[in-house]
Structures are given as structure tokens and as C-alpha cells.
Amino acid sequence: MKLPHRRQFLHLAAGAAALPFAPRVARAQAYPSRPVHLISGYPAGGPSDLIARLIGQWLSERLGQPFIIENRSGAGGNIATEVVVKSPPDGYTLLMVGTPNAINATLYERLKFNFIRDIAPVAAVAQVPNVMLINPSVPAKTVPEFIAYTKANPDKLTMASPGVGTPGHICGELFKLMAGLNMLHVPYRGAAPAVIDLIAGQVQVFFPNLPTMTQYIRTGTLRALAVTSATRAEVLPDVPTMGEFLAGYEASAWYGIGTPKNTPAEIVNKLNVEINMGLADAKLRARLSEVGGVTILAGSPADFGKLIAEDTEKWGKVIRAANIKAE
């Protein structure tokens, strides 16, 4: 039997090695071939929903298929997450990921999924600061003054939140821990009723998302003492960061895209590239900035995974230290 020439053998070997690679390339090139569903765990109109719709529109225009936003609110975003976890890992069901996912990993003891294990990160999109707001009747115009007043008047001040375990609640608990304060927590069913009672003076301090609060701050209806991000917000450049008074404090809400584990890497990478291209686009950046206080994030799936893991650990420590239990 005549053995194949060495050059022929190497050519055949190279062709064989490329066989598993070829279908993966074809699969990524063909994706998406039908509509994609992007699941958001929160009602329409909030920052998560607005960012999801802007990214969905960008991906629709770039990839030639509709990216349909579905709002599956409830259980702090866990309902939406479970829908995506149970979906086929084919890139046609995506999750709008946010800070609550990192919080819920510790807050809820009996989840039907492990977020870090069951959701693959695709791309971070943006982060939005919360803001420390007080009723103007509180005699404090700075964070140090508020801390001093609260310590001088123990058990007198109450802290509102949109609900137990929400980012607005956890931001406040981190502040209490770092400042050594004791304030009664008053949870509401969402931010709107909390703001109403804050304006009325029924509660004294609140840590909501910044985008929906700028009108109250600019009119003087409520007083902003600090933003919770690492840097000052462009929309409120005169409002200091909490970290300027409490070193190391940072509590931004972030948003990004995830997909079920085992989604082909080629599809994950394709989505990541397209999202990052959008985040570099001047028009999309301008639209995102309209949400208010937004800082654009970008990077690889691994970068986003690192952010998720770090915040999961960080908020887990706060939840355990403050003994927060899901209702």
C-alpha cells in the first residue's frame, strides 16, 4: 500500500481539524434567523426597560431580525431569570441582567437556579447611580451633617426603600453600616409611593435611582446629599459622591445582557461585538444618556462576568451583616 505524500497528509489533517470549526462559524454567521426575545424582569418605563429597548433596537437594525422586549416582572426579577434559565441555549432568549440578580443570589434562600452558574454573561451596557435624597426639613446639607444629626437623634429618622432587598434598600443599608447609623427601614411597594411620603415628610431619607429624581432635586422639592457612584454624575455635577465622605462607598446599579448557559460561544461573542459597537456609536450613546446619569460600560463577556461575581460577593456581605430577609 502506498503511503500518502507528507504534504498531502498534512493537508488532509488540517482539513479534518477544521471540520468542527466550520459549523460553528456557519452557525454564528446565520444567527439570528428568527426573532430574538429579550426578557426584562421589571415593568415598562424604568431604566432597565428603557436600556433594554435601546439595545434591542440597535441589535434589530444591525442583525436584521426583531429583538422583542418582554417584561416579566415579579419576585425581584427572579421570574424573568427563571424563564431564561429554562430556555434553550440557542441565543434566541436573552435576559436583561441587573444589580438585583447579584443581590438575589444571597437574598433568596430557595431559588430554582444559581445565577452565576446558569446565566452566561454577554455584555455589560451601562450603570446608573442611586442618589441619597432627604426631605428639606432635615437640618443637614451635607452627608457629614446628616450623619451627625442622625447620631444625635437616635431612632428618630426613617429610611424609605422601594421594597426589601431592592437596590435602593441595599444602598441605604451599606450607608448605615459604613456610617454606623441606626435608622428604621420603611419598605414600600415601588419607588413612587416612597417619593410621595418623602416629600410629605413621613420618611426622611431615600436612595432611589437617579434618572427619575432629577426634577425633584432641581426644583428643591427634595435635597440631594450624594450620588452613590464612584464618580459624580454629569446631570448633577455639583452633587458629591458618597465616597467623598465614606471612603470606598460605591453602589451603582448596572445593566447588561445575559443568555442561558451553554449558549454557543460564537453567538455570545457575536452579540458582544455588536453591543460594544453600539456603545461606541454616538447616536446610541446620546440616547442612553437621556435615561439620566448613565455611564456607558463596555468589555468582553469575561469582564461582565467579573462584575457580576464581584457584586454578588459584595452585596452578599451587606445582606448578611444587616440580616436582610426576603419578604
Side-chain angles (χ1 to χ4, degrees), residues 21-42 46-70 80 84 87 89-99 101 119-129 211 229-231 233-235 252-311:
F21 179 71
R24 295 200 300 266
V25 173
R27 182 169 51 198
Q29 289 175 341
Y31 172 86
S33 59
R34 64 178 192 271
V36 178
H37 293 260
L38 176 53
I39 312 298
S40 171
Y42 299 91
S48 176
D49 176 70
L50 295 173
I51 292 170
R53 293 182 186 281
L54 289 172
I55 293 298
Q57 181 181 356
W58 170 266
L59 291 173
S60 296
E61 293 171 355
R62 292 284 301 176
L63 298 177
Q65 288 288 343
F67 277 68
I68 301 166
I69 312 304
E70 292 187 22
V84 176
S87 297
D90 54 11
Y92 289 93
T93 306
L94 307 177
L95 178 66
M96 192 66 192
V97 179
T99 304
N101 297 113
I119 294 292
V122 173
V125 174
Q127 65 180 17
V128 177
S229 49
T231 58
E234 290 186 9
V235 293
S252 295
W254 43 259
Y255 305 94
I257 306 295
T259 189
K261 69 174 181 179
N262 297 325
T263 298
E266 297 77 20
I267 291 176
V268 170
N269 291 333
K270 183 172 186 176
L271 286 168
N272 177 269
V273 168
E274 294 295 343
I275 291 169
N276 281 323
M277 288 181 66
L279 298 177
D281 179 78
K283 290 183 179 179
L284 181 57
R285 291 174 70 93
R287 294 287 304 279
L288 285 167
S289 70
E290 292 172 4
V291 175
V294 167
T295 298
I296 302 298
L297 300 177
S300 68
D303 293 333
F304 188 30
K306 183 173 181 288
L307 172 62
I308 294 169
E310 289 175 347
D311 260 25

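Residue numbers start at 1 and run along the sequence shown.
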How far apart are the closest heavy atoms of Met96 and Ala52, and which atoms are they?
SD-CB, 3.7 Å
Under the ring-ring contact (aromatic ring centres under 6.0 Å, His included) test, which residues partner Phe67, sequence neighbours left out?
none
Of the options Leu94, Asp49, Leu50, which is the one that meets Ile69 in a side-chain contact (heavy atoms from CB on, under 4.5 Å)?
Asp49
Heavy atoms, side chains only, cut-off 4.5 Å: are Pro260 and Val84 in contact?
yes
Does atom CD of Glu234 have more than 12 heavy-atom neighbours, drawn from other residues, nucleotides or ligands, at distances under 6.0 Å?
no
At what distance, to the nearest 0.5 angstrom, does CG of Leu38 lie from CD1 of Ile68?
10.5 Å
Note, Asn276 side chain near Leu279 side chain (heavy atom, < 4.5 Å):
yes
Considering all heavy atoms of both residues, which atom of Ala80 and which atom of Ile39 are nearest to each other, and what is their separation?
CB-CG2, 3.6 Å
Which residues share a ring-ring contact (aromatic ring centres under 6.0 Å, His included) with Phe304, sequence neighbours left out
Trp254
May I ask you to test the Val128-Pro211 pair for a side-chain heavy-atom distance under 4.5 Å?
yes
Between Arg287 and Asp281, is the closest basic N to carboxylate O distance under 4.0 Å?
no
Tell me, do Leu59 and Val36 make a side-chain contact under 4.5 Å, heavy atoms counted?
no
Quick one: closest heavy-atom pair of Thr263 and Asp90, and the distance?
OG1-N, 4.2 Å
Should the pair Glu266-Lys270 be classified as a salt bridge under the 4.0 Å nitrogen-to-oxygen rule?
no
One should read off an interatomic distance between Ile51 CD1 and Gln127 CD, to the nearest 0.5 angstrom, of 10.5 Å
For Ile308 and Pro121, the nearest pair of non-hydrogen atoms, with its separation, is CD1-CB, 4.3 Å
Taking all heavy atoms of Gly91 and all of Ile267, pick out the closest pair and write down the distance.
CA-CG2, 4.1 Å
If you measure from CG on Leu271 to CD on Glu274, what distance do you get to the nearest 0.5 Å?
8.0 Å
Using modelled atom types only, decide if a donor and an acceptor are shared between the side chain of Tyr92 and the backbone of Ser33 within a distance under 3.5 Å.
yes
Decide yes or no for Leu297 and Asp303: does some side-chain heavy atom of the first lie under 4.5 Å from some side-chain heavy atom of the second?
no
Could you give the distance from CD (Glu61) to CG (Leu63), rounded to the nearest 0.5 Å?
10.5 Å
For Val97 and Ile257, the nearest pair of non-hydrogen atoms, with its separation, is CG2-C, 4.0 Å
